[in-house]
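Naming convention: chains lettered A, B, ... in sequence-line order (proteins, then strands); numbering from 1 in each chain.
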Amino acid sequence: MNDWEKNPVYIVGAAETALGAVPDQTTYSMFSLAAHEALDEAGLNVKDVDGIFTNYMGEEGTVQVGEYLGILAPRYVDSTDIGGAAYEAHVHHAMMAIANGRCEVAIVGYASRQRSERARSMTMRQSELTLTAQFESPYGLPMPIGHYAMIAARHMHEYGTTSEQLAEIAVAARQWAQLNPKAWKRDPMTAEDVLASRVICDPLRRLDCCLITDGGGVIVLTNKERARDANKKPIRVLGAGESHTRWNISQGPSLTTTAAKVSGEQAFGMAGVTPADVDFVQPYDSFTITVLTALEDLGFCEKGEGGAFVSGGRLAPGGDLPAMTSGGGLSYNHPGALGVLLLIETVRQLRGEAGERQLADPKIGVAHGVGGLLSTAATVVMTND
Amino acid sequence: MTETKQQYGDPMTYPIWEAAARYELLIQHCKVCGHYQFYPRPFCLNCDSDQLEWKRVSGDATVYSKTTVHLKIAPEFDPPYVVALVELDEGPRMLCNIEGGAAEIGDRVKLAWREREDAPPLPIWMPA
């Protein structure tokens, strides 16, 4: 029996930071408010936290977050940098650390004010002549959308995927967002609207792209014993996995197969379930193509069949595989790194507290983070059993 | 004072840029297994040997993927322009711009060069 089977690990708190446009807080105040809210749910206190998992919060992620929260002697710290997938990877790492007794109460979180600070850059300025600076930057491929556009173009070439099929993904996200009062974009939107929106990097259009908002969130993980203190239903982490492929787009054998292939196999294998057992999924929707490739590589459909799979409203409210149920990065919020919000929405659905967008009695949910230039992936399988 | 010409690139890539100044494209080739690789490394990605040499290649290639950029990302880029990934006949892929005509995925393209003020000529591709 493995450590994580002997010593199961639970998510016992989950809280968003302020979302949308947050003019009146700092990223650290946002993080700390969410941490306190999540710890209240857990029936725990900041003083109980002995594991910190974060990134993109200052030069030394966990150090500055720990200092701000007053956690000055944690036992386990991790600022793994794999982009928007980092937080799903953090759950993987926290699960191992807690199952092996290296820490007991872990917080995983992130906060950003990229909208208010207008911090998102489309270029990668290089101070030295890295390989990217020598061989990719001189051609003006916008970061990151250009990479995703080239992946979408290749997917279309190999498998006949269409812009109409990609638009279905954006429409599904918007339909979920209409059921979520915290969503940034809630006005009605059709596939025709997506197809009529401005081309940014063909074949991707404005409405194939995620939002740019402020926001973030924190979740709390702990062991079975301390999960008994929780004020809300503990959600068990069944399995997790992570991987990455390439950074420079010239590298690697395939543009269309992503790191989700490995992260999904690892997470499902650990959990002892298959995609057929999954009631809903939160795929990272930085762009519509990100969702399509994730569904294929996680095994919800065969490679190349993603276009047909997402058609007919399968991902939308009432569909066979509810996905992006918060409205996702496309319509709810996208604070630079969506990963932690995917975890929070998965917890909310499994606790049965998702309000108007609540699914009927889901048992198993998947949060799937993606980051970099479709370089990284990390997958978490959870249950409320 | 003797003028020393500053080498462009890094310790692994400067032969590529030295050749670019002569409008020649160099790719690393494994003497053991015959694998071509880009970017250069001190070992063969295919067989792990350290017996690597530089080979001049024609640059004949096929478009693997492409996008037309409609977004202004920096003063030096003037949209719309095409960014493509081309697959050399020897195997490796390189990012580039395609200029001098249209090319779709699967189309044949040939090597061209773009002059730069502060760096060696940059390999780009054009319809064959």
Relative to chain B, which of A:Ala149, A:Ala153, A:Pro203, A:Ala152 shows the most heavy atom pairs under 4.5 Å?
-> A:Ala153

Among A:Gly140, A:Pro138, A:Gly146, who wins on heavy-atom pairs under 4.5 Å with chain B?
-> A:Gly140

Can you tell which part of B:Pro80 gets under 4.5 Å to a heavy atom of chain A, answering side chain, backbone, both or neither?
-> neither

Is it the side chain or the backbone of B:Ala84 that comes within 4.5 Å of chain A heavy atoms, both, or neither?
-> backbone

For atom [atom1] of [X], is the number of surrounding heavy atoms from other residues, nucleotides or ligands below 6.0 Å larger than 12?
X        : atom1 : value
A:Glu59  : CD    : no
B:His29  : NE2   : yes
A:Glu164 : CD    : yes

Please examine the side chains of [Y] and [X], heavy atoms only from C-beta on, and report whether any two atoms are closer than 4.5 Å.
X        : Y        : answer
B:Leu85  : A:Ser250 : yes
B:Tyr64  : A:His157 : no
B:Val69  : A:Pro142 : yes
A:Val199 : B:His70  : yes

[X] [atom1] to [Y] [atom2] distance, which is reported to the nearest 0.5 Å:
X        : Y        : atom1 : atom2 : answer
A:Leu129 : B:Thr13  : CG    : OG1   : 7.5 Å
A:Glu136 : B:Cys96  : CD    : SG    : 10.5 Å
B:Ser65  : A:Met156 : OG    : CE    : 10.5 Å

Any idea which heavy atoms bring B:Lys66 and A:Met150 closest together, and the distance?
-> CA-SD, 3.7 Å

Can you tell me if B:Arg93 uses its side chain to pair, donor with acceptor, with the backbone of A:Pro253 under 3.5 Å?
-> yes

When you measure from the side chain of A:Asp202 to the backbone N and O of B:Thr67, does any donor-acceptor pair fall under 3.5 Å?
-> no

Before giving the answer on side-chain contact (heavy atoms from CB on, under 4.5 Å), spell out for B:Trp17 and A:Gln134 the whole-Å C-alpha distance, their side-chain angles and the decisive distance to 0.1 Å.
-> CA-CA 10 Å; B:Trp17 296 114; A:Gln134 291 178 63; 2.8 Å; yes

With chain A, the option among B:Leu122, B:Asp10, B:Ile16 that has the most non-hydrogen atom pairs under 4.5 Å is B:Leu122

Taking the six-membered ring for Trp and the full ring for Phe, Tyr or His, determine whether the centres of A:Phe135 and B:Phe38 are under 6.0 Å apart.
-> yes

Tell me the residues of residues 184-196 of chain A whose non-hydrogen atoms fall below 4.5 Å from those of chain B, in number order.
-> none

